[in-house]
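No hydrogens, no waters, no symmetry mates; every other heavy atom, side chains included, goes into these values.
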Number of protein chains: 2
Amino acid sequence: MKPYTPDGHIETALTEKHAKELDIIELFFFAYRDFTADPDKILEMLNFGRAHHRVLYFVNRKPGMTVAELLEVLKITKQSLARVLKQLIDTGHIVQIQGPRDRRQRELYPTHQGRELALELAAPQSRRIANALEQLDPSSRAVIENFLKAMVDPAQWQQIDSLPKSG
Amino acid sequence: MKPYTPDGHIETALTEKHAKELDIIELFFFAYRDFTADPDKILEMLNFGRAHHRVLYFVNRKPGMTVAELLEVLKITKQSLARVLKQLIDTGHIVQIQGPRDRRQRELYPTHQGRELALELAAPQSRRIANALEQLDPSSRAVIENFLKAMVDPAQWQQIDSLPKSG
DNA sequence: AGATTATGTCAGTGTTGTTGACTTAATTTT
DNA sequence: AAAATTAAGTCAACAACACTGACATAATCT
């Protein structure tokens, strides 16, 4: 079955025979690649990167988030966050306010400018998703949401559930 | 409606009112974050990174791929690819063979060792997907595949379609 | 009072991406 | 056959974003 390869290389493709769910593995890669490319174009003009986007997104989704909470969500170190956060503060997209209960904490809030940018970055991603959903049965939305949530470690579900629903 | 904030910061969360599909935007982020974390642990032990994984994956999925094809799929520059590819060749995971039709081209093939590693890296991702699917109706698979493909730029569909189905 | 916690900061490092310029060998065009 | 183009490789410099380790400060908890 396997072709003759004197130097030991393999000419047969890796397929579902060898490993399950390859189609979804690569669809996930391609979908995420193009999904992130849209905001990346906007960010580039502002000299921001994907890291800025993630911070700005979650601060907008949950204003008042502390630095520690943000680190938990992004799964990065505080030194990594520091640079990006400092730039977002210096450019007037995010402000820090001393925690009222615990004054060691820094609550993070978007400014109007930060909210505007978050909306601008979300727009092409919303459009891409809405467009994909339009081509499917209306019941598909629930299936996709359930699938994506099931792809997340259950220990992390609380991070998803702590974000506001549709207020 | 908006709370009084003397310094102009925003305390109201960004919700579906302001932008559509936020739930799927963030589910996609969380799902991809955890999806890539599994192989990252294995790669770390070998002093490889996510870039090595991507190269190894596609060379296994389509043995004989040329360098130019790989660049198209990964959307990176040849200088970026060069370092990672060199390491995979030096460690005996991939071999290059001069193209038979066009001898300028270098066809990329996995070695047995490269195939083994690709399988090892795919395993936890397959498991995660299979586990997520198990919790859903059997018809969900098609919905998810259609959705993910619709999330990809149509101009790129040929990249997906050129990969072997289930040989 | 002492320990712990939340955050910030300094210094060094590694991976992965970028641009630009140049080389080599092979193919295609004129 | 000569000239232009193409596929791939390489050198150098650089930037974004992640890491570790160590230390500082202020506030809270024990």
Query raised in the report: Is there side-chain contact between B:Y109 and B:Q96, with heavy atoms separated by less than 4.5 Å?
Result: no

Report summary line: Rounding to the nearest 10°, end axes of the helix from C:dA1-D:dT30 to C:dT30-D:dA1 built from five pairs each make an angle of 20°

Query raised in the report: Can B:L108 be reached from A:I10 by stepping across I, L, V, M, F, W or Y side chains whose heavy atoms are under 4.5 Å apart?
Result: no

Query raised in the report: Between A:R61 and B:D23, is the closest basic N to carboxylate O distance under 4.0 Å?
Result: no

Query raised in the report: Tell me the salt bridge (charged side-chain N to carboxylate O under 4.0 Å, His left out) pairs involving residues 91-103 of chain A, sequence neighbours left out?
Result: A:D102-A:R104

Requested in this report: For DNA chain C, find the residues of residues 80-88 of chain A with a heavy-atom distance under 4.0 Å and give them by number; none if there aren't any.
Outcome: none

Query - A:R141 side chain near A:E145 side chain, heavy-atom distance below 4.5 Å - result: yes

Query raised in the report: In residues 28-44 of chain B, which residues come under 4.0 Å of DNA chain D by heavy atom?
Result: none

Query raised in the report: How about A:I144 and A:L136: do any of their side-chain heavy atoms sit closer than 4.5 Å?
Result: yes

Query raised in the report: What closest approach, in Å, do A:Q113 and A:G92 show between heavy atoms, and which atom pair accounts for it?
Result: OE1-O, 3.1 Å

Query raised in the report: Quick one: do B:D40 and B:R33 make a salt bridge, cutoff under 4.0 Å?
Result: no

Query - Residues in side chain to side chain contact (heavy atoms under 4.5 Å, CB included) contact with A:A150, at least two apart in sequence or another chain - result: B:A132, B:Q135

**Report entry** Contacting residues from residues 48-58 of chain B, given that a heavy atom lies under 4.0 angstrom of DNA chain C
**Finding:** B:G49, B:R50, B:A51, B:H52, B:R54

Query raised in the report: Any side-chain heavy atom of B:H53 sitting closer than 4.5 Å to one from B:Q125?
Result: yes

Query raised in the report: So do the side chains of A:L117 and A:E120 get within less than 4.5 Å of each other, counting heavy atoms only?
Result: yes

Query raised in the report: Would you say the side chain of B:Q79 and the base of C:dG20 hold a donor-acceptor pair, judged only by whether the two atoms sit under 3.5 Å apart?
Result: yes

Query raised in the report: When you check the gap from the basic side-chain N to the acidic O, do A:R50 and A:E44 get nearer than 4.0 Å?
Result: no

Query raised in the report: Is the gap between the ring centers of A:F58 and B:F29 under 6.0 Å?
Result: yes

Query - Span of DNA chain D, from the first to the last nucleotide whose atoms fall under 4.0 Å of chain B heavy atoms - result: D:dT6 to D:dC11

Requested in this report: Examine A:F28 together with B:F28 and report whether their ring centres are nearer than 6.0 Å.
Outcome: yes

Query raised in the report: Taking all atoms of both residues into account, what is the closest heavy-atom pair of B:H52 and B:L88, and its distance?
Result: O-CD1, 3.8 Å

Requested in this report: List in numerical order all residues of residues 67-78 of chain A for which some heavy atom is under 4.0 Å away from an atom belonging to DNA chain C.
Outcome: A:V67, A:A68, A:K78

Enumerate donor-acceptor pairs with a distance under 3.5 Å from any side-chain N or O in residues 70-79 of chain B to protein atoms, sequence neighbours excluded.
from, atom 1, to, atom 2, distance (Å)
B:K75, NZ, B:Q156, OE1, 2.9
B:T77, OG1, B:S80, N, 3.4

Requested in this report: Taking the side chain as every heavy atom from C-beta outward, state whether A:W157 and A:V152 have any pair of such atoms under 4.5 Å apart.
Outcome: yes

Which protein N or O atoms sit under 3.5 Å from an N or O of nucleotides 27-29 of chain C?
from, atom 1, to, atom 2, distance (Å)
C:dT27, OP1, B:R103, N, 3.1
C:dT27, OP2, B:R103, NH2, 3.2

Query - Of all pairs that satisfy ring pair (Phe, Tyr, Trp, His ring centres under 6.0 Å), the ones with a partner from residues 122-148 of chain A, not counting sequence neighbours - result: none

Query raised in the report: Can you tell me if A:K62 and A:S162 form a side-chain donor-acceptor pair at under 3.5 Å?
Result: yes

**Report entry** Euclidean distance, atom CG of residue A:L108 to atom C1' of C:dG8 [Å, nearest integer]
**Finding:** 13 Å

Query - Pairs touching residues 62-89 of chain B that satisfy ring pair (Phe, Tyr, Trp, His ring centres under 6.0 Å), sequence neighbours left out - result: none

Query raised in the report: Which part of the nucleic acid does B:Q96 contact within heavy-atom distance under 4.0 Å: base, sugar-phosphate only, or nothing?
Result: sugar-phosphate

